[in-house]
Enquirer: 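My questions all concern the structure below.
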Protein chains: 2
Amino acid sequence: MHDSQEPRGPVETDKTVLRIIQALKDEDGATVAELADRLNMAKSTIHRHLTTLEQSMYVVKREGEYELGYKFLDFGRYVQTRSEIYDLAEPRVQELATETGEAAWCVVEQHNYAVYLCQGKTPQAVQTHARIGKWEYLHTIAAGKAILAHLPDEQIDDVIETVGLPARTPSTITDRDELEAELERIRNEGIAFNDGETVRDVRAVAVPILQNGYPVGALSVTGPKNRLIGDKYREDIPNALLGTANEIELRLTYS
Amino acid sequence: MHDSQEPRGPVETDKTVLRIIQALKDEDGATVAELADRLNMAKSTIHRHLTTLEQSMYVVKREGEYELGYKFLDFGRYVQTRSEIYDLAEPRVQELATETGEAAWCVVEQHNYAVYLCQGKTPQAVQTHARIGKWEYLHTIAAGKAILAHLPDEQIDDVIETVGLPARTPSTITDRDELEAELERIRNEGIAFNDGETVRDVRAVAVPILQNGYPVGALSVTGPKNRLIGDKYREDIPNALLGTANEIELRLTYS
DNA sequence: AAGTGCATTGCATAATATGCAATGACGGCC
DNA sequence: GGCCGTCATTGCATATTATGCAATGCACTT
């Protein structure tokens, strides 16, 4: 079974089952009929894939609906903690959150996307769009721009070519030249700012974490626009982030 | 391709790709050759599955090795936070850890196994075998026993029949009658204890979280044997757990 | 009891996953 | 630089199986 709108993969059935897994997440659980409808496939085919996933313990059937199971929690936790900067970043983003009174994040890049790896929380922090595990366009978040600024040129080209520069808000950078100028500025100043480019009324500050000049991640602090202003936005948070990134970089160098 | 040692699933290719995913985790990344060896399959077949997974962004190729990607972090975080008791348990296990000075856990059951859902930490707590996302035999951990004690008889039978009662240590309960007696005691007292049944020299205390009499999870506190002794083990921790579980149960009832 | 809608199973065949063998790529050794 | 060995990748033929249709099972409603 090959969906003609998409390039043919080496193993088409793998793509089918991954598509079903993604649909179960997108629909937050679903019946056979709903999935068949959504994916435009026969109910019997959907049913057989689900049964295989259930027998393999990746999926549970509950009250007529199929849902992703905790096997994914095992895998999710595994990929998080095996990341080489997780152990260094996790306690430190918590400190950053405490210090700034805002949510702090460690973000990494994979497959030309930014992924939120871990979060520092504090009671005063306001919940924004960001979530552990969430994938975002690199160019639309401060941490992503901090990473982009230090990627090899060929990879920047690849990002623009394969992902593009989709707009998330009217403030998002969608022009290649404009992005290049922003990345150049970030390289010079060492700090990336985000002013409503992901979600309106949300600001962020970010710095890269570099290992041998390569951006292995980024740290950021995000918060509502009305709180990230003045010296806090332009001086205090940047300085805290730079200090922490530097500490992590030293740890990476001598380990 | 069907491995004759295992029952044939409705979609055999799904099982193949899931097996490859599991092997990537077990080997903490692997080359085509290593996976082919481990799974007793042709290199070309392994390569095609990996290429499909990579193109779908589930896997990354790094320095000749393939590794699970952060897509699993997205799924892992999703299944964790969608759990109906996660939001109630997460802040409370943190309080329990602070209160007891030991690691605290919320554990759930799925496919007849116990799964560690979330953890409360404190600087003094000692790291034991438990990990977020880890699957354990129900009968070998206190939280699992607390859940087992309240499962319907048919499901208890199913657990014993499909999973069995494997020993983790010389202290593990491996006899059905002995387990039945232990579950009866847990139902009467409302508390489950674990004394070296998972890992030697580790103790735990646990209570179930019941919704309409059904165990939707359990809370536990674990620590080294030399710290979980006397009143702390027998009275203080149990009382704290009971209080918290009761609070969660009330929240579940009126929500 | 009949009707409806969804889930599940049987069957035939179209589609494709598979392994072998060839080829490409890379690193080490002489 | 050439040769060798090992691993990764691709072409090809075919054995295997994923697929959709149709029938059947199941649960709920009237």
Side-chain angles (χ1 to χ4, degrees), chain A residues 1-24 26-69 111 154, chain B residues 1-24 26-69 111 154:
Chain A
M1 188 261 169
H2 169 55
D3 177 3
S4 52
Q5 314 236 42
E6 226 186 315
R8 184 181 289 271
V11 187
E12 280 293 310
T13 306
D14 288 356
K15 293 172 64 180
T16 302
V17 73
L18 294 176
R19 203 179 286 133
I20 288 169
I21 287 166
Q22 185 67 47
L24 283 174
D26 294 343
E27 299 233 347
D28 196 29
T31 63
V32 171
E34 282 163 352
L35 287 178
D37 217 46
R38 184 186 181 102
L39 298 173
N40 203 30
M41 288 165 63
K43 278 190 281 189
S44 59
T45 301
I46 295 290
H47 182 256
R48 292 198 184 95
H49 282 283
L50 288 175
T51 301
T52 306
L53 285 169
E54 189 190 15
Q55 287 172 357
S56 307
M57 296 199 264
Y58 282 73
V59 159
V60 287
K61 186 176 175 189
R62 219 168 56 122
E63 292 164 30
E65 290 210 339
Y66 289 85
E67 304 163 355
L68 296 183
H111 282 299
E154 314 87 68
Chain B
M1 186 258 169
H2 169 56
D3 178 2
S4 53
Q5 314 236 41
E6 226 185 317
R8 186 181 289 272
V11 187
E12 280 292 311
T13 306
D14 289 356
K15 293 172 62 179
T16 301
V17 72
L18 294 176
R19 203 178 287 134
I20 288 169
I21 287 166
Q22 185 68 48
L24 282 174
D26 294 343
E27 299 233 347
D28 195 31
T31 62
V32 172
E34 281 164 354
L35 287 178
D37 217 45
R38 183 187 181 101
L39 298 173
N40 203 31
M41 286 164 64
K43 280 188 282 191
S44 58
T45 301
I46 295 290
H47 182 258
R48 290 198 186 96
H49 283 282
L50 288 174
T51 301
T52 306
L53 286 167
E54 189 190 17
Q55 287 173 358
S56 306
M57 295 198 267
Y58 281 75
V59 159
V60 287
K61 185 176 174 187
R62 217 167 58 120
E63 291 165 30
E65 289 209 338
Y66 290 85
E67 303 164 354
L68 295 184
H111 281 300
E154 315 86 70

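The sequence lines fix the lettering, A, B, ..., with proteins before strands; numbering per chain opens at 1.
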Enquirer: Show every donor-acceptor pair shorter than 3.5 Å between a side-chain atom in residues 51-58 of chain B and any protein atom, with sequence neighbours excluded, or say none if there are none.
Expert:
{"unit_1": "B:Thr51", "atom_1": "OG1", "unit_2": "B:His47", "atom_2": "O", "d": "2.8"}
{"unit_1": "B:Thr52", "atom_1": "OG1", "unit_2": "A:Val11", "atom_2": "N", "d": "3.0"}
{"unit_1": "B:Thr52", "atom_1": "OG1", "unit_2": "B:Arg48", "atom_2": "O", "d": "2.9"}
{"unit_1": "B:Ser56", "atom_1": "OG", "unit_2": "B:Thr52", "atom_2": "O", "d": "2.9"}

Enquirer: Can you build the contact string for nucleotides 25-30 of chain D? Use B for base contact, S for sugar-phosphate-only contact, and - for no protein heavy atom under 4.0 Å.
Expert: ------
Enquirer: Quick one: OG1 on A:Thr13 to CG on A:Leu18, what's the gap to the nearest 0.5 Å?
Expert: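 Here the interatomic distance stands at 10.5 Å.
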Enquirer: Could you tell me which residues satisfy side-chain hydrogen bond (donor to acceptor under 3.5 Å, both in side chains) with A:Asp28, sequence neighbours excluded, listed by chain and number?
Expert: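 Scan of A:Asp28 (side-chain hydrogen bond (donor to acceptor under 3.5 Å, both in side chains), adjacent residues dropped) gives B:Tyr78, B:Arg82.
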Enquirer: With the side chain counted from C-beta on, respond yes when B:His49 and B:Thr45 share a heavy-atom pair under 4.5 Å apart, and no when they do not.
Expert: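 The answer is yes; the side chains approach within 4.5 Å.
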Enquirer: Using C1' atoms of five pairs at each end, report the bend of the helix from C:dA1-D:dT30 to C:dC30-D:dG1 rounded to 10 degrees.
Expert: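 Here the local axes at opposite ends form an angle of 40°.
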Enquirer: For the pair made of CG in A:Asp14 and P in D:dT17, what is the distance, rounded to whole Å?
Expert: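 Rounding to the nearest Å, CG of A:Asp14 and P of D:dT17 are 15 Å apart.
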Enquirer: Rounded to the nearest Å, what distance is computed from the CG atom of residue A:Asn40 to the P atom of nucleotide D:dC21?
Expert: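 So the CG-P distance, A:Asn40 to D:dC21, works out to 11 Å.
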Enquirer: If I take atom CG from residue A:Leu50 and atom NZ from residue A:Lys43, how far apart are they, to the nearest 0.5 angstrom?
Expert: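 Reported to 0.5 Å precision, the distance equals 13.0 Å.
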Enquirer: Of all the nucleotides listed (C:dA17, D:dG20, D:dA18), which has the minimum atom distance to the side chain of A:Thr45?
Expert: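 Out of C:dA17, D:dG20, D:dA18, the nucleotide with an atom closest to A:Thr45's side chain is D:dG20.
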Enquirer: Do nucleotides 4-12 of chain C as a string where each nucleotide becomes B, S or -: B if the base has a protein heavy atom under 4.0 Å, S if just the sugar-phosphate does, - if no protein is that close.
Expert: ---SSBBB-
Enquirer: Has A:Thr13 got a side-chain N or O lying under 4.0 Å from the OP1 or OP2 atom of C:dA15?
Expert: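 So the side chain of A:Thr13 is outside the cut-off, no N or O lying under 4.0 Å from OP1 or OP2 of C:dA15.
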Enquirer: Using whole Å, report how far CD of B:Glu63 lies from P of C:dC26.
Expert: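 The distance from CD of B:Glu63 to P of C:dC26 comes to 15 Å, rounded to the nearest Å.
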Enquirer: Checking A:Glu65 now: which residues fulfil side-chain hydrogen bond (donor to acceptor under 3.5 Å, both in side chains) with it, not counting sequence neighbours?
Expert: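 Not a single residue meets the side-chain hydrogen bond (donor to acceptor under 3.5 Å, both in side chains) criterion with A:Glu65.
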Enquirer: Can you name the residues that form a side-chain hydrogen bond (donor to acceptor under 3.5 Å, both in side chains) with B:Glu27, not counting sequence neighbours?
Expert: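 B:Glu27 satisfies side-chain hydrogen bond (donor to acceptor under 3.5 Å, both in side chains) with B:Arg38 once adjacent residues are dropped.
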